[in-house]
Amino acid sequence: MHMIIDELLRQNSLALPASDFMAQALYHPEQGYYRRPLGPWGFEGKDYYTALDLGPLLGEALALRLERAWERLDRPGVFTVLEPGAGRGWLGRDLLGAARGAFAEALVYVHRDDNPAAREMAAKALEPWLESGKARFIQEGDGIAPFSGAILSNELFDALPAQPWRWTGEAWEREVLTADGPGWEASDAGEAGAWFAAHAEDGLQPGDGSIWCEGLPQLVAELCGALQAGLFLAIDYGESASRLLSKGAGLRRYKGHTVDGRWWEEPGESDLTADVDFTRLESLLRGAGLSGSGHVSLSRWIREHAPLADWEEAWQSLDSVARVKRMENLLQLTLPGMMGERFRVLEAWANGCSAS
C-alpha cells in the first residue's frame with residue numbers, strides 16, 4: 001500500500017488530498033482495509049466492535065420499528081429491507097430472527113457489501129434464510145431494482161471517503177499528505193465552502209472546520225431512487241453541520257481498539273472514519289423526495305421505540321448469565337457516555353409515509 005500512496009503523491013505533485021488517501025487505504029481492490037480476507041470486527045485481536053457485537057437488542061428493536069413501517073404500507077406481501085454496507089450480515093440475522101407472524105413471512109433481507117471477509121461471514125450468519133429465500137446478496141455495482149420496504153444502514157456513511165477542511169479566517173485549507181507528512185494547503189473549497197459558510201451559526205471563525213464527503217449525493221440518490229415507499233433509517237457517528245464546524249471535525253483512525261487522528265499511518269492496516277454531517281444527509285434525502293427526516297441519539301431512539309417493559313418481563317425467565325448479558329446490552333445502548341450516546345439515528349420516509 002505504501003508504494004501505491006507514493007505513486008499517488010507523485011501524480012498529485014506531492015500533495016495528496018486526505019479523501020483520496022482514505023479512498024485508497026480503505027477500498028483499493030487488492031490492498032484496501034475493507035478488501036482484506038480477515039474482518040476487523042470484534043474484540044480481542046480486532047480493531048473495533050459495533051453495537052451488533054454487544055448483543056441482539058438493536059436488531060430486535062429495529063425489527064419492531066420495521067414492522068410498524070410495514071403496517072403503514074398496508075402490510076404488503078413482500079417487505080424488502082436493503083442493507084448497504086451490510087458487513088457480516090449480523091443485523092440481517094438479528095432482524096430475521098426477531099421478526100414474527102405475518103411480518104416475518106413478508107420480510108426479505110438484501111445484503112449489499114463487496115468486502116470479501118464480510119461476504120464470507122454473512123453467508124454463515126444468514127445461512128438458514130439464504131436457503132429459504134428470505135435473504136439474498138447483491139453486489140455494490142449491481143443496479144437496485146425498485147422496491148417497497150426499508151433501507152437500513154449501520155455505520156455506512158462514516159466510512160465514505162471524506163475531506164477535512166478548515167477556515168483560517170481568510171481562506172479555506174484542505175488537509176493533505178505530502179512526502180514530509182500531513183499538512184494543510186490553501187485550496188478552493190467550492191460547494192463545500194459555501195455549505196460550511198451557510199451553516200456556521202455565528203459566522204465562520206478562524207479554526208472552524210469540517211469534513212466534506214464528495215460521494216454522498218450519488219450514494220443517496222442511488223439508494224433513494226430504488227425505494228418506492230417505506231422507511232430510510234441510518235445509524236452512524238455524526239452531528240449537525242454547525243456542531244461539526246465548531247469542533248473542527250476531521251478523520252479518525254481505529255487500530256487495535258484505540259482511536260487517534262493519525263489517519264496517514266499504516267494505510268490498509270487500520271480503519272478510517274469521519275463524522276457524518278446529518279444536516280447535509282437530511283438535505284439530500286429531502287432533495288430525493290423523502291420527508292419527515294430527523295435525527296436523535298441512538299440511546300433516545302431505543303428508549304422511544306424499544307419495548308423496554310416487555311423485555312424486562314421476558315428476561316425474568318432466562319438464566320442469570322443470559323439475563324445479565326441482555327441487561328448489559330441494553331445499558332450500552334441507553335446509558336449516558338456509552339455507545340448509544342455516540343451514535344445517532346436518522347429516519348426519513350418515502351412516498352408520503354407517516355413519520356409517526
Side-chain angles (χ1 to χ4, degrees), residues 22-23 26-27 32-35 39-41 50-52 58-59 62-63 65-66 69 79-96 107-123 125-126 129-130 135-162 213-238 271-274 276-278 280-282 284-285 287-290 293 295 343-350:
M22 184 175 178
L26 294 184
Y27 300 111
Y33 182 76
Y34 281 112
R35 296 299 180 259
W41 316 275
T50 74
L52 304 175
L58 177 60
L62 286 167
R65 187 63 172 149
L66 293 177
F79 183 90
T80 300
V81 175
L82 170 66
E83 186 183 3
R88 299 163 289 178
W90 284 18
L91 185 52
R93 175 201 63 190
D94 292 346
L95 289 173
L96 290 161
L107 179 60
V108 174
Y109 171 78
V110 181
H111 177 286
R112 189 182 195 230
D113 197 319
D114 287 354
N115 181 337
R119 184 67 173 263
E120 181 179 355
M121 296 178 73
L126 298 170
W129 298 281
L130 291 168
R136 68 176 186 270
F137 292 113
I138 63 173
Q139 299 290 331
E140 291 177 0
D142 294 345
I144 307 172
F147 68 94
S148 295
I151 294 171
L152 176 60
S153 73
N154 182 39
E155 297 190 61
L156 166 68
F157 296 106
D158 69 351
L160 298 181
C213 179
E214 193 69 34
L216 184 61
Q218 180 179 345
L219 179 57
V220 169
E222 178 187 16
L223 295 175
C224 293
L227 183 62
Q228 295 182 313
L231 174 65
F232 182 106
L233 192 152
I235 304 170
D236 236 314
Y237 288 106
D271 189 28
L272 300 177
T273 70
V276 176
D277 182 339
F278 276 101
R280 186 174 179 226
L281 180 54
E282 289 179 26
L284 291 169
L285 291 171
L290 278 69
S293 62
H295 60 93
F343 284 89
R344 303 196 71 76
V345 181
L346 180 149
E347 292 189 359
W349 298 82

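Because the structure is predicted, anything quoted here is derived from the model rather than measured.
Of the residues listed (V110, L107, I144), the one engaging T80 in a side chain to side chain contact (heavy atoms under 4.5 Å, CB included) is V110, and it is the only one.
With rounding to the nearest 0.5 angstrom, the CG atom of L126 is 10.5 Å from the CZ atom of R119. Summarising the geometry, atom CG belonging to L290 is positioned 11.0 Å from atom CG belonging to L284; distances are rounded to the nearest 0.5 Å. How far CG of L26 is from CG of L272: 5.0 Å, rounded to the nearest 0.5 Å. Taking CD from E83 and CD1 from I138, the interatomic distance works out to 11.5 Å, rounded to the nearest 0.5 Å. Remark: D236 CG to L160 CG distance equals 8.5 Å, nearest 0.5 Å. Taking CG of L91 as the reference point, atom NE2 of H111 lies at 10.0 Å (rounded to 0.5 Å).
Residues V276 and L346 are not in side-chain contact: their nearest non-hydrogen atoms beyond the backbone lie 4.5 Å or more apart. Annotation: side chain of D94 is not in contact with side chain of L62 (no heavy-atom distance under 4.5 Å). Contact annotation: the side chain of L223 approaches that of L82 to within less than 4.5 Å [non-hydrogen atoms, C-beta and beyond]. In this structure the side chain of W349 never reaches within 4.5 angstrom of the side chain of F232, judged on heavy atoms.
Minimum interatomic distance between A150 and F147 (heavy atoms only, all atoms of both residues): O-CE1, 3.6 Å. Annotation for L96 and A135: closest pair CD1-CB, 4.1 Å, computed over non-hydrogen atoms. The shortest heavy-atom contact between A226 and A145 is CB-O, 4.1 Å. Pairing each heavy atom of C224 with each of I151, the nearest pair is N-CD1, 4.3 Å. The two residues G85 and L156 come nearest to each other via the heavy atoms CA-CD1, 3.9 Å. Closest approach of D114 and G141 over heavy atoms only: OD2-N, 4.3 Å.
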Y34 and D271: CA distance, side-chain angles, deciding distance, side chain to side chain contact (heavy atoms under 4.5 Å, CB included) verdict: CA-CA 8 Å; Y34 281 112; D271 189 28; 3.1 Å; yes
Full working for side chain to side chain contact (heavy atoms under 4.5 Å, CB included) between R93 and Y109: CA-CA 9 Å; R93 175 201 63 190; Y109 171 78; over 6 Å; no
H295/L281 under side chain to side chain contact (heavy atoms under 4.5 Å, CB included): CA gap, chis, key distance, verdict: CA-CA 10 Å; H295 60 93; L281 180 54; over 6 Å; no
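For residues 217-232, the pairs satisfying side-chain hydrogen bond (donor to acceptor under 3.5 Å, both in side chains) are R112-E222, with sequence neighbours left out. Counting only residues at least two apart or in different chains, salt bridge (charged side-chain N to carboxylate O under 4.0 Å, His left out) contacts with residues 143-157 are absent. Residue pairs satisfying the salt bridge (charged side-chain N to carboxylate O under 4.0 Å, His left out) criterion with at least one member in residues 138-149, sequence neighbours excluded, are listed as follows: R35-E140.
In this structure A118 satisfies the side-chain contact (heavy atoms from CB on, under 4.5 Å) test together with W41, D113, N115, sequence neighbours excluded. Listed by chain and residue number, nothing satisfies the side-chain hydrogen bond (donor to acceptor under 3.5 Å, both in side chains) test with Y27 (two or more places apart in sequence, or in another chain). Residues passing the side-chain hydrogen bond (donor to acceptor under 3.5 Å, both in side chains) test with R88 are T50, D53, sequence neighbours excluded.
Of the possible polar contacts, one joining the R280 side chain to the C213 backbone as a donor-acceptor pair under 3.5 Å is found.
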